[in-house]
Structures are given as C-alpha cells and as structure tokens.
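Here is the structure we will look at, set down as structure tokens.
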Protein chains: 2
Amino acid sequence: MTSPAPTRSRKAQIDHTATALFRAQGFAATSMRELATALGLEAGSLYSHIKSKEEILHRVCFGLAQEFFAGFEQATSQAASIGGQLRQAIEAHVRVLTRDVAASAVFLHEWRHLSEPARSEFLALRERYEAQFRALVQRGLDAGELAAPDAAFATLTLLASLNWLPTWYRPDGKLSPDDIAHRLADQLINGLSPMGE
Amino acid sequence: MTSPAPTRSRKAQIDHTATALFRAQGFAATSMRELATALGLEAGSLYSHIKSKEEILHRVCFGLAQEFFAGFEQATSQAASIGGQLRQAIEAHVRVLTRDVAASAVFLHEWRHLSEPARSEFLALRERYEAQFRALVQRGLDAGELAAPDAAFATLTLLASLNWLPTWYRPDGKLSPDDIAHRLADQLINGLSPMGE
DNA sequence: CCTACCGATCGGTAGG
DNA sequence: CCTACCGATCGGTAGG
C-alpha cells in the first residue's frame with residue numbers, strides 16, 4: 001500500500017520553498033543544501049522528488065506562463081468594448097501576479113537561468129503574450145478608443161507598470177488585489193492629468 | 001617611471017566588462033574566471049586592480065544612485081510648474097537609464113547581492129530617491145495639476161514604467177533617448193485615453 | 001530519506 | 001600580470 005500522494009505534496013512543497021528562495025536570493029545564489037535545510041532534510045534527499053535544480057525553475061516559469069495566457073483568454077473572450085477588454089486583461093494580469101508574488105518574481109527575473117532550449121521557448125511564449133496585448137491595444141487605437149503614437153511602445157509601458165508589482169506588493173497591504181488592479185487600469189488608461197476623464 | 005594611468009583605466013575596463021556580464025547572467029552566476037577571460041587575462045590578475053567581486057557591484061550600484069540624484073536635482077531646480085518639473089524629472093531619469101543600460105540593469109536587479117551593511121545603505125538611498133519623486137507628485141496633486149487617488153501608488157507605477165526600460169531598450173533602436181523620454185512622460189501623464197489631452 | 005562521496009568550480013591569496 | 005594553489009562549496013549520485 002504505497003501512497004503516491006505524499007510524494008506529490010512533497011514535490012509541491014519543494015517548488016514552493018524553492019520559489020521563495022529563488023526570489024529572495026536569485027536562482028544561482030540559492031544552493032540545494034539551503035533549500036534542503038529550509039525543508040528539514042538533507043541535500044541528497046531532494047533528488048528522490050526532483051531531477052534537478054533547473055527542473056524547479058522550469059516548472060515555475062512555464063506554469064506561470066500558462067496562467068497568464070488563461071487569464072488573458074478569459075478577459076478578452078467576453079463581449080465588451082476594446083477599452084473594456086483591455087481593462088479586463090490588465091486586471092487578469094494583476095490577479096495572476098498577486099496570486100503568488102514569489103512565483104511571479106521568479107517568472108519575471110529568473111527565467112534567464114533556464115538553459116537552452118527551454119530559455120528560447122520561454123522567451124517565445126513571453127513574446128506571444130505581449131503580442132496579444134499589443135494587438136488589443138492596436139485595435140483600441142484603430143477604433144479610436146485609445147490614443148498613443150505607437151501600440152508597441154504603449155504596450156511595453158503598460159506591461160512595465162504591471163510587472164513591477166511583485167517588487168512592492170505585500171499580500172497584507174491595505175489594498176486588495178482588485179483595488180490594485182482597478183487603480184492600475186485607471187492610471188494607465190487615464191493618466192495622471194486631471195483632464196484624463 | 002611607473003604610470004598609474006593604465007591601472008585606473010584597467011579598473012574601469014574591469015567594471016565595464018563585469019557590468020555587462022552581471023547584466024546578462026546575474027552577479028552570482030558570473031565567475032571571476034569568466035570575467036578575466038573576457039578581459040584577456042588570468043583570474044588571479046584581477047585582484048591587483050580590485051579587492052573583491054562585490055567591490056565591483058558596489059561601485060556600479062552606488063555610482064548609478066549618484067547619477068539619479070544628480071539628474072533629479074537638476075530637473076527640479078529650474079523654476080517651472082509642478083507638471084513641468086515632473087516631466088523634467090522623468091526625462092532625467094530616462095537619460096540616466098539610457099546612458100548605460102547595462103549598469104542600469106545591474107542597479108535595478110543585482111543590488112540584493114550586496115552584503116550588509118551596503119545592502120541596507122543602498123535600499124535607503126533608493127527609498128530616498130523614490131520619496132523625492134513622491135513628494136513632487138504630491139505637490140502636483142495638491143496644486144491640482146495632477147490627479148490620482150494616491151501619490152504613493154501613482155509614483156510607484158510611474159517609476160515602474162521607467163525602470164522596465166533597460167529590459168527592452170536598445171541603443172541602436174529607432175527612438176532616441178529623448179524621444180523615449182518624451183513619449184514616456186506623455187503616456188504617463190496623459191494616459192492612453194483619447195480625452196487625455 | 002540519509003550517509004558518504006564524486007568531480008568541478010568557486011572567490012581569493014602568496015610569491016614572484 | 002602569471003603560476004600555482006588554498007579551503008569551501010557547488011549540483012548531483014550510489015547504495016542502502
């Protein structure tokens with residue numbers, strides 16, 4: 001009567017603890033011994049649950065990529081104005097970011113420690129995601145619902161504001177993820193100018 | 001007849017090459033042997049010019065901090081409307097970022113590999129810089145020249161958009177640093193809404 | 001999941 | 001600026 005469940009949960013535990021360490025210290029500066037100690041076991045024991053250090057990073061990065069795609073998909077599938085869809089997409093992005101800030105930070109900053117071909121695959125995914133956002137902004141410009149000299153530039157700036165969130169967001173702060181999502185969408189769409197709306 | 005000049009230039013060369021490597025691979029994942037090879041010498045030889053690996057990181061991080069402060073100082077010392085000062089400060093920030101993108105990326109992402117007390121000192125400097133920006137935004141809100149529910153939140157978002165720049169900026173792109181600075185300032189202040197101006 | 005260990009590589013130093 | 005080397009630590013494995 002072997003039970004596979006504890007193994008799976010141990011693996012999830014490893015991923016979770018590793019993600020926190022990768023975020024705080026970076027992938028390269030986090031040792032497997034450190035990770036093992038944080039989990040209360042010896043370094044060698046990790047390898048009955050995982051194949052390598054990079055495997056953890058791979059799972060975190062590609063798992064989050066999937067979440068971002070799912071969020072965007074859902075946000076833009078509902079019939080709405082382009083502006084409304086953009087707003088939904090921004091809020092979906094923020095929800096994924098705030099659901100697990102540590103994983104998000106790793107997704108955003110540690111992916112370059114993936115070795116090939118995973119690294120290129122990851123970059124292709126990220127580019128595809130940005131392209132979806134860009135296309136949405138472009139449709140907004142074409143429809144006259146948005147104004148900007150350049151969809152690519154506008155999209156980059158927009159995603160930049162969102163992606164800085166894991167740097168300062170604290171789950172116990174006074175703003176809920178939805179508050180943050182709404183404010184970000186407001187500020188990005190209306191700007192800081194009092195004429196903005 | 002010893003000449004001290006080559007030594008100083010060698011040190012600058014080391015800093016420059018190290019900065020590029022730190023940016024591309026991260027501080028922890030960059031070895032001194034790699035750095036030495038990139039400079040055409042042996043690992044041990046580096047230590048006649050520098051004291052440690054961290055010393056390089058320290059110089060880059062604190063050097064850039066100084067540039068940001070100088071830029072802000074200059075931008076806000078000229079008499080102008082609050083909105084004008086904010087615009088100048090944004091443009092100054094972008095100019096520092098684009099002057100050396102590699103150093104900027106290291107400043108933004110690798111500072112956490114500083115050991116104490118340098119790490120805390122660095123964070124204090126960064127906080128002080130953000131506080132200056134925040135105060136400027138707050139004055140804009142008070143004067144009715146800007147509109148936002150919260151100066152802190154608005155400032156964070158604003159700096160986020162700017163600080164993502166080293167991720168995508170290429171010096172050989174079609175937009176000059178000043179073009180980028182102007183567009184960023186426009187988009188951040190006026191938003192993406194067609195009513196924005 | 002542990003003990004014991006592997007080869008490789010790390011930042012840095014001594015002595016020239 | 002090089003050669004030769006230090007002690008420490010790395011990711012990972014074998015065998016139980």
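Chain A is the first sequence line, chain B the second, and so forth, proteins listed ahead of strands; every chain is numbered from 1.
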Whether B:His93 and B:Phe133 hold their rings parallel, tilted or perpendicular, with breakpoints at 30° and 60°: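 Ring orientation of B:His93 relative to B:Phe133: perpendicular.
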
Parallel, tilted or perpendicular: ring planes of B:Phe72 versus B:Tyr129, cut at 30 and 60 degrees: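 Rings of B:Phe72 and B:Tyr129: perpendicular, over 60°.
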
Testing the 3.5 Å rule here: is there a donor-acceptor pair between the side chains of [X] and [Y]?
{"X": "B:Thr30", "Y": "B:Glu34", "answer": "no"}
{"X": "B:Glu54", "Y": "B:Ser115", "answer": "yes"}
{"X": "A:His113", "Y": "A:Glu110", "answer": "yes"}

A:Glu73, CD: over 12 other non-hydrogen atoms inside 6.0 angstrom: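 Open.
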
Heavy-atom protein contacts under 4.0 Å, nucleotides 3-16 of chain D, coded B base, S sugar-phosphate only, - none: B-B----BBBB---

Stem segments of DNA chain D by first residue number [Watson-Crick or G-U, under 3.5 Å, at least 3]: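 DNA chain D stems, ordered by first number: C:1-16 with D:1-16.
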
Whether A:Arg119 side chain and A:Arg112 backbone form a donor-acceptor pair below 3.5 Å: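 Side chain of A:Arg119 to backbone of A:Arg112: a pair is present.
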
